[in-house]
Amino acid sequence: MKTDIRIQRTRLVKLIHVARRDLELDEDTYRLMLRNVGGTDSTTRMELRQLQAVVDHLKTKGFKVRARSSKTGQARPDRRQDNSDGARKVRALWLFLAELGALRDPSERALAAYCKRIAKVDDLHWAGHDQMQTLIETLKKWAMRFLPAAIGKLKEEVGQMHRCLPFSQVQAMTLQSAVNRAADGGFDANWSAWEVLTEALNGAREAQQACEVQG
């Protein structure tokens, strides 16, 4: 279930960032649109329904989802994708950077351009083991320029929700442990903390909404 939700989130976030590029939205206009339509100025803190609302809104402004193949009925990918373990990890990091707001264009074409600049290959298909590791490590370093601040903001928001809707002792300990590991660790610990905090925040918001409906 969590995997399905993550896949849906990744797809919607990618569409939003592609739409931002296609519609040439500047930073202020983009953030204002996110707040007005999705209720927050970051896709990271949006639930699926909010992300979908943003995509639907962008379509009304002229964004067109990539045409589907007449033969298969499937959306045409930007490029034929390499689905090796290394490539999937590179792509996951690339889309994570988009969620952090570090990318304007999360498309496969933009990723291919990054591969050419960093690994000196035209596409992930041509990256050997060492080149793939170079891509992974550079993307991690890139993300670490944004992760601590993102975690700090999430921690503050979770703390605000905690005052209104207390977490269980186990939840509170899990969150604190993840934050502590992030402070003393590298990328993996920080990414884990980001995921734990994001899940806790979304869960708290859903619980709050359920209470409001019942009330």
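Looking at heavy atoms from C-beta onward, Q133 lies in side-chain contact with H129 at the 4.5 angstrom threshold. A heavy-atom distance below 4.5 Å is found between the side chains of R21 and S107. Residues L12 and M46 have side chains not in contact (no heavy-atom distance under 4.5 Å, counting atoms from C-beta outward). At least one side-chain heavy atom of V55 sits less than 4.5 Å from a side-chain heavy atom of I16. Looking at heavy atoms from C-beta onward, E108 lies out of side-chain contact with W94 at the 4.5 angstrom threshold. Within the 4.5 Å cutoff, side-chain heavy atoms of L197 are placed close to those of I151. Counting only heavy atoms from C-beta outward, the side chains of L103 and W142 approach each other to under 4.5 Å. Contact annotation: the side chain of L139 never approaches that of F96 to less than 4.5 Å [non-hydrogen atoms, C-beta and beyond].
Distance alone, capped at 3.5 Å, places no donor-acceptor pair between the S192 side chain and the D188 backbone. With hydrogens and angles disregarded, no donor-acceptor distance shorter than 3.5 Å links the side chain of E199 to the backbone of V196. Side-chain atoms of H57 do not come within 3.5 Å of backbone N or O of V37 as any donor-acceptor pair. Side-chain atoms of R35 do not come within 3.5 Å of backbone N or O of D41 as any donor-acceptor pair. T29 contributes no side-chain N or O that, together with a main-chain N or O of L25, makes up a donor-acceptor pair within less than 3.5 Å. A donor-acceptor pair is defined here as one N or O able to donate and one able to accept, closer than 3.5 Å; such a pair exists between the side chain of Q50 and the backbone of E47.
Among residues at least two apart or in separate chains, salt bridge (charged side-chain N to carboxylate O under 4.0 Å, His left out) pairs with a member in residues 93-102 are R9-E99.
Taking both residues in full, the closest heavy atoms of A150 and L100 are given as CB-CD2, 3.9 Å, listed atom of the first, atom of the second, then distance. Here the shortest heavy-atom pairing between L124 and C115 reads CD2-SG, 3.6 Å. Shortest non-hydrogen contact noted between M144 and P148 is O-CD, 3.1 Å. For the residue pair W194 and L154, the shortest heavy atom distance occurs at CD1-CD1, 3.4 Å. Considering every non-hydrogen atom in both A182 and N190, the closest pair reads O-ND2, 3.1 Å. When all heavy atoms are compared, the tightest approach of R31 to G101 is NH2-CA, 4.2 Å.
In this structure, NZ in K89 is found 4.0 Å from NZ in K140, a value given to the nearest 0.5 Å. The line from OG1 of T10 to CZ of R91 is 11.5 Å long, rounded to the nearest 0.5 Å. Taken to the nearest 0.5 Å, the CG atom of N180 stands 4.5 Å off from the CD atom of Q176.
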| task | I would like to know whether K153 and S42 meet side chain to side chain contact (heavy atoms under 4.5 Å, CB included); could you show each step before the answer? | result | CA-CA 11 Å; K153 192 169 185 179; S42 173; 5.7 Å; no

| Trace of the side chain to side chain contact (heavy atoms under 4.5 Å, CB included) decision for L51 with Q8 | CA-CA 10 Å; L51 291 169; Q8 292 178 61; over 6 Å; no

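A salt bridge links E27 with R20: the closest approach of a Lys/Arg side-chain nitrogen to an acidic carboxylate oxygen falls below 4.0 angstrom.
Around atom NZ of K155, no more than 12 heavy atoms belonging to other residues, nucleotides or ligands sit under 6.0 Å away.
Grouping the Ile, Leu, Val, Met, Phe, Trp and Tyr side chains by contacts below 4.5 angstrom, directly or via other members, places Y30 with L23. Connection of M173 to L175 is not established within any shared hydrophobic cluster, with ILVMFWY side chains joined at heavy-atom distances below 4.5 Å, either directly or through further cluster members.
Remark: E137 engages no residue in a side-chain hydrogen bond (donor to acceptor under 3.5 Å, both in side chains) (not counting sequence neighbours).
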